[in-house]
Amino acid sequence: MIDLKDIHVYYGDSYILQGVSLDVQEGEIVCLLGRNGAGKTTTMRGIMGYNPPARGQVIFDGRDITGKPVYDNVRLGIGFVPEDRRIFPDLSVVENLDVARLPERPGQTAWSEERIFEAFPLLKKLRDHKGGALSGGEQQMLALARALMGNPRMLLLDEPCEGLAPIIVDHIGEIISALKSAVPILMTEQNAHFAVSIADRGYVIDKGRVRYQGLAEELAGNEEIQQRYLAV
């Protein structure tokens, strides 16, 4: 679904991504792991078009989307859940969902409000609550649900467990795992244990370069890579 080919991204004079290549196939959860500042979020922003690559290609479902504006990529079917969630605090849960609604796509089962509440039963109970009144875990669920209302063909999740209590992290993991059959997922994480427990494959990024890639279980058992690139 997504194929990054040797992408290079700059922030001003700072050379952040130095030739990153990775891919995500249908039916997969792929994690991108690394320390703070390694280039994880920049990779996501490079795909979405917030910080277009200076060199390299971003291929989505066989189409070159390198440098396309964010709104075009959303319309093509890329859903993005940013690290800071970007919930509308003065809108209710239902209103946050309605804002993101896009037409259904051919060959897909549409994400209606009813389907969302089946996947996120807690949100059904909170449907009339303001976004700003929700807990961090509830906001993360709402951010995921809102992205799904755009009927995406792929999801990008940037640090979905950041700042959440362990019991909430487990619940978010269950939700993400259940979504895999409906939409492939590329997920960044600092919590390597969580990420490899639900991912099929993983990449490790450090100083803007991919240093390791492999099956999630291989990464989980590779203590050398974990100590070199993931340990704090």
Side-chain angles (χ1 to χ4, degrees), residues 1-4 7 9 11 14 16-17 20-24 28-53 58 60 65 68-71 73-74 76-88 96 100 120 131 134 136-150 152-165 168-169 171-173 175-177 179-180 183-210 213 216 229-230 232:
M1 284 301 291
I2 201 83
D3 189 8
L4 306 190
I7 67 168
V9 176
Y11 283 158
S14 299
I16 307 298
L17 298 187
V20 169
S21 297
L22 60 81
D23 66 272
V24 181
E28 279 193 317
I29 297 175
V30 174
C31 60
L32 179 62
L33 306 177
R35 298 186 182 98
N36 267 337
K40 303 187 303 298
T41 294
T42 303
T43 301
M44 295 296 207
R45 292 176 63 85
I47 293 171
M48 285 305 301
Y50 290 107
N51 295 95
V58 180
F60 175 61
I65 63 167
K68 281 189 173 294
V70 176
Y71 58 83
N73 292 330
V74 172
L76 284 173
I78 305 179
F80 181 44
V81 180
E83 182 180 359
D84 55 3
R85 299 165 193 148
R86 300 290 179 92
I87 295 302
F88 294 106
N96 266 278
F120 301 85
L134 304 183
E138 291 163 352
Q139 287 192 358
Q140 186 62 60
M141 292 179 205
L142 180 54
L144 273 165
R146 186 178 61 183
L148 291 171
M149 286 298 288
R153 302 178 60 220
M154 179 174 182
L155 272 179
L156 306 182
L157 310 181
D158 194 10
E159 304 278 2
C161 296
E162 177 71 21
L164 302 183
I168 303 300
V169 169
H171 187 45
I172 293 293
I175 292 171
I176 295 172
S177 295
L179 291 174
K180 182 175 75 167
V183 57
I185 295 169
L186 175 63
M187 171 181 69
T188 72
E189 257 303 331
Q190 284 192 72
N191 186 338
H193 176 74
F194 163 78
V196 298
S197 72
I198 65 171
D200 298 287
R201 293 188 296 116
Y203 293 82
V204 175
I205 188 172
D206 183 65
K207 297 179 181 178
R209 298 184 180 185
V210 172
Q213 60 177 297
Y229 298 118
L230 303 178
V232 177

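Every residue two or more places apart in sequence or in another chain that forms a side-chain contact (heavy atoms from CB on, under 4.5 Å) with Pro53 is listed here: Ile7, Val9, Val58, Thr66. In this view, Pro184 and Met1, Val24, Glu26, Met154 satisfy the side-chain contact (heavy atoms from CB on, under 4.5 Å) rule, not counting sequence neighbours. Residues satisfying the salt bridge (Lys or Arg N to Asp or Glu O under 4.0 Å) criterion with Lys180, sequence neighbours excluded, are Asp200. With sequence neighbours left out, Gln140 forms a side chain to side chain donor-acceptor pair (under 3.5 Å) with Arg85. With sequence neighbours excluded, the residues forming a salt bridge (Lys or Arg N to Asp or Glu O under 4.0 Å) with Arg201 are Asp23, Glu28, listed by chain and number. For Ile168, the side-chain contact (heavy atoms from CB on, under 4.5 Å) test picks out Leu164, Ala165, Ile172, with sequence neighbours left out. Under the rule for a side-chain contact (heavy atoms from CB on, under 4.5 Å), the partners of Glu83 that lie at least two apart in sequence or sit in another chain are Thr41, Asp158, Glu159, Glu162. The salt bridge (Lys or Arg N to Asp or Glu O under 4.0 Å) search around Arg209 returns none, not counting sequence neighbours.
In terms of heavy-atom proximity, Pro152 sits nearest to Ala147 at CD-O, 3.4 Å. In plain terms, the two heavy atoms of Met187 and Ile198 that are nearest each other are CE-CD1, 3.9 Å. For the residue pair Ala143 and Ile87, the shortest heavy atom distance occurs at N-CD1, 3.7 Å. Counting all heavy atoms, side chain and backbone alike, Ile16 lies closest to Gly39 at CG2-CA, 4.5 Å. Across all their heavy atoms, Leu155 and Val183 have their closest contact at N-CG2, 3.7 Å. Of all non-hydrogen atoms in Met44 and Phe80, the two that sit nearest each other are CB-CE1, 3.9 Å.
Annotation: side chain of Thr188 is not in contact with side chain of Thr43 (no heavy-atom distance under 4.5 Å). Between Phe60 and Asn73, every side-chain heavy-atom pair lies at or beyond the 4.5 Å cut-off. Put simply, the side chain of Val30 does not reach to within 4.5 Å of the side chain of Leu22, judged on heavy atoms. By the 4.5 Å heavy-atom criterion applied to side chains, Ile176 and Pro160 are counted as neighbours. Side-chain contact between Leu179 and Leu148 is present, with at least one heavy-atom pair separated by less than 4.5 Å.
In this structure, the separation between OG on Ser177 and CD1 on Ile185 is 8.0 Å, given to the nearest 0.5 Å. If you take CZ on Phe120 and CD1 on Ile175, they are separated by 5.0 Å, rounding to the nearest 0.5 Å. If you take CG on Asp3 and CD1 on Ile47, they are separated by 10.0 Å, rounding to the nearest 0.5 Å. Atoms CD and CZ, from Gln139 and Arg86 in turn, are 13.0 Å apart once rounded to the nearest 0.5 Å.
A side-chain donor-acceptor contact under 3.5 Å links Glu189 to the backbone of Cys161.
With Val210 as the partner, the side-chain contact (heavy atoms from CB on, under 4.5 Å) test is satisfied by one option alone out of Leu17, Leu4, Val20: Val20.
For residues 138-150, the set of pairs meeting the salt bridge (charged side-chain N to carboxylate O under 4.0 Å, His left out) definition, not counting sequence neighbours, is empty.
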